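Below, chains carry the letters A, B, ... as their sequence lines are ordered, and counting in each starts from 1. All of these numbers come straight from a predicted model, not from anything done at the bench.
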2 protein chains.
Amino acid sequence: MGKKPAQKLSRREFFEKGHLYYLTHLSIDNVIFGFHDNQLKVLLLEWKDTRRWCLPGGFILKGEHIEEAAIRVLHQRTGLNNIYLQQFYAFGDPNRERSKHGIEPPLEVKNKSWLTERFVSIGYWALVEFSKVVPKPDEFSETCQWWDIDKVPTLILDHNNILEKALDSLRRNLNDYPVGRDLLPPKFTMPELQRMYETILDKQLDRRNFQKKMLALDILERLNERKQGGAHKAPFLYRFDQRKYEKAMKQGLRIGLQ
Amino acid sequence: MGKKPAQKLSRREFFEKGHLYYLTHLSIDNVIFGFHDNQLKVLLLEWKDTRRWCLPGGFILKGEHIEEAAIRVLHQRTGLNNIYLQQFYAFGDPNRERSKHGIEPPLEVKNKSWLTERFVSIGYWALVEFSKVVPKPDEFSETCQWWDIDKVPTLILDHNNILEKALDSLRRNLNDYPVGRDLLPPKFTMPELQRMYETILDKQLDRRNFQKKMLALDILERLNERKQGGAHKAPFLYRFDQRKYEKAMKQGLRIGLQ
DNA sequence: ACAAAAGTGTTAACCGTACACCCATGA
DNA sequence: TCATGGGTGTACGGTTAACACTTTTGT
């Protein structure tokens, strides 16, 4: 008890016996951001029964650090490892009960399941490289797919609110820490980096000042290559200097974008 | 069940039956800051049995918002209402078990109590007016008193770490939101306000530039009184403009102190 | 040749910082 | 009258924001 179940629980066992392995009343919700086609995206799941969308989440094993749990969930949905996760808020409204929102466990276990109780959820956000993700639905969901951040439908429970708060936290983070490495491919152009910032901040930035600021941070390395194939002048490719990036990650920056 | 217990639980009932009223595996820890004698203070409790110090904390009733729980705990220890509380982090190390840190429930209920399990704790910090607080120990503690922030002893569990993180969060908050109203008496002088900032930031600030910045925020109102009784030139008294303070609280500031 | 995107440089306004001067008060 | 703390103003330097010009490329 308290360890990882020796074998995967069946759906029914999960409802009936999950509380033997997982912490009750507590869940994790991950807001997984990606960037593609000049759009900020978020990974969502669609429930099998209700056909409603939600954030990828999960529960905490009894011997597991909550961050480990978040990492595990992230890995299960995206296949990715070594991802930067940021805890941003705990959601503790007493109305956070699945039963109050039309999300019932199967009839045969109703009123017996730990899942009908009220849950406090701890929110994490993550930034991932869009192209590397292979979205995998979990056993309760039909599909797992990316949504444009401004087209997200009404989600279950307070998940829209959680997403909102995650975006807030991410934006606040933008001015104090470097970000691009996790959202962009290893090599990228300055205009691409700028689009990313503009998309997250939902704000237009001056091309020339942006370039100066980014270079002044001293975390970028310009390569002797240009991105070919565009319709116009070929822009230089850049990559992050790993060492300097890590350092900036630790001690913070003060970017101050317009 | 799930409601507030009709009458206060005895110590033994609390250990044996607490899980009927409170969420298991979940606790609240409050870091309550005060300011007095040019010192930042934090309110701590001393356990009866182990004589060790800890942060004032508590548990979440089944029908209670986690923030309500934090407010309730704050009220019980300080007697204060309407206090600004800020959630700053959830602590989820699986080693957060009382039993692993020499904090055992009474022998007669050992191994039967929900309190021996591992707990995830949600941290809140609060700023309170030192002089208004009447520290009240809870039923498990001997004393409840203020400690200078730089003289805090070794606390139980990871409470030193929680305190550290709370200070971090408070400092980060300082540059984005107004703060003084909650830590200072209603009328205060500019030097007093400056000492408060200096103490929290642990940094000396230029007197003249500080004054300019604070006034530029446009949340202070200078009164036609001066603080008498000091050894030197009598400084003006100020108070916060409530409406403007609230507004700044919502939309944030960008102070940028040296 | 032209439009559109990218690279580079210049300037003026603003802000943060350092510092000087005067005033009030108690010893 | 002197030391100390408080109130107010100025000047310098660096940063930010606004903007102009040139280069490259596909059509």
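- Across all strands, Arg254(B) comes closer than 4.0 Å to no nucleic acid atom at all (heavy-atom distances).
- Taking the side chain of Asn209(B) as heavy atoms from C-beta on, and the options dG7(C), dA18(C), dA24(C), the nearest nucleotide is dA18(C).
- Atom-to-atom, CD of Gln228(B) to P of dA24(C) comes out at 13 Å; the value is rounded to the nearest Å.
- For Gln204(B) and dG16(C), the CD to P distance is 20 Å, given to the nearest whole Å.
- Counting non-hydrogen atoms of neighbouring residues, nucleotides and ligands closer than 6.0 angstrom, the CG atom of Asn82(B) reaches no more than 12 such neighbours.
- Atom pair Ile255(B):CD1 and dT17(C):P shows a separation of 13 Å (rounding to whole Å applied).
- Contact annotation: Gln211(A) side-chain N/O to dT8(C) OP1/OP2 distance is under 4.0 Å.
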From CA spacing to verdict: side-chain contact (heavy atoms from CB on, under 4.5 Å), Leu26(A), Ile122(A): CA-CA 8 Å; Leu26(A) 254 180; Ile122(A) 298 173; 4.0 Å; yes
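- Checking Gly256(B) against Met190(A), the closest nucleotide of DNA chain C that is more toward the 5' end is the one next to Met190(A).
- Among the nucleotides dT17(C), dT25(C), dA5(C), the one closest to any side-chain atom of Lys212(B) is dT17(C).
- For DNA chain D, the contact window with chain A, defined by any atom under 4.0 Å from a protein heavy atom, covers dA17(D) to dG26(D) in 5' to 3' order.
- For the residue pair Thr143(B) / Glu46(B), a side-chain donor-acceptor distance below 3.5 Å is found, with atom types taken as modelled.
- Between the NZ atom of Lys213(A) and the C1' atom of dT8(C) there is a distance of 17 Å, rounded to whole Å.
- Across the protein-nucleic acid pair, Asp206(A) atom CG and dG9(C) atom P stand 16 Å apart, rounded to whole Å.
- Between Phe210(A) atom CZ and dG9(C) atom P the separation is 19 Å, expressed in whole Å.
- Separating the CZ atom of Arg222(A) from the P atom of dA6(C) is a distance of 14 Å, rounded to the nearest angstrom.
- Map Pro235(A) and Gly230(B) each onto its nearest nucleotide of DNA chain C; the residue landing nearer the 5' end is Pro235(A).
- Taking the six-membered ring for Trp and thresholds of 30 and 60 degrees, Trp146(A) and Phe130(A) have ring planes inclined between 30 and 60 degrees apart.
- Nearer the 5' end of DNA chain D, as judged by each residue's closest nucleotide, is the contact made by Arg207(B), out of Arg208(A) and Arg207(B).
- A ring-centre distance under 6.0 Å is not found for Trp53(B) and Trp47(B).
- Taking the ring centre of Phe119(B) as origin, the terminal cationic atom of Arg96(B) falls outside the region bounded by 6.0 Å and 45° from the ring axis.
- Of the side-chain N and O atoms in Arg226(B), none sit less than 4.0 angstrom from OP1 or OP2 of dC23(C).
- In this pair, Phe240(A) and Phe188(A) present their aromatic rings tilted. The plane angle is within the 30 to 60° band.
- Rounded to an integer number of Å, the gap from Leu237(A) CG to dA5(C) C1' is 15 Å.
- Checking the phosphate oxygens (OP1, OP2) of dA3(C), no side-chain nitrogen or oxygen of Lys233(A) falls inside 4.0 Å.
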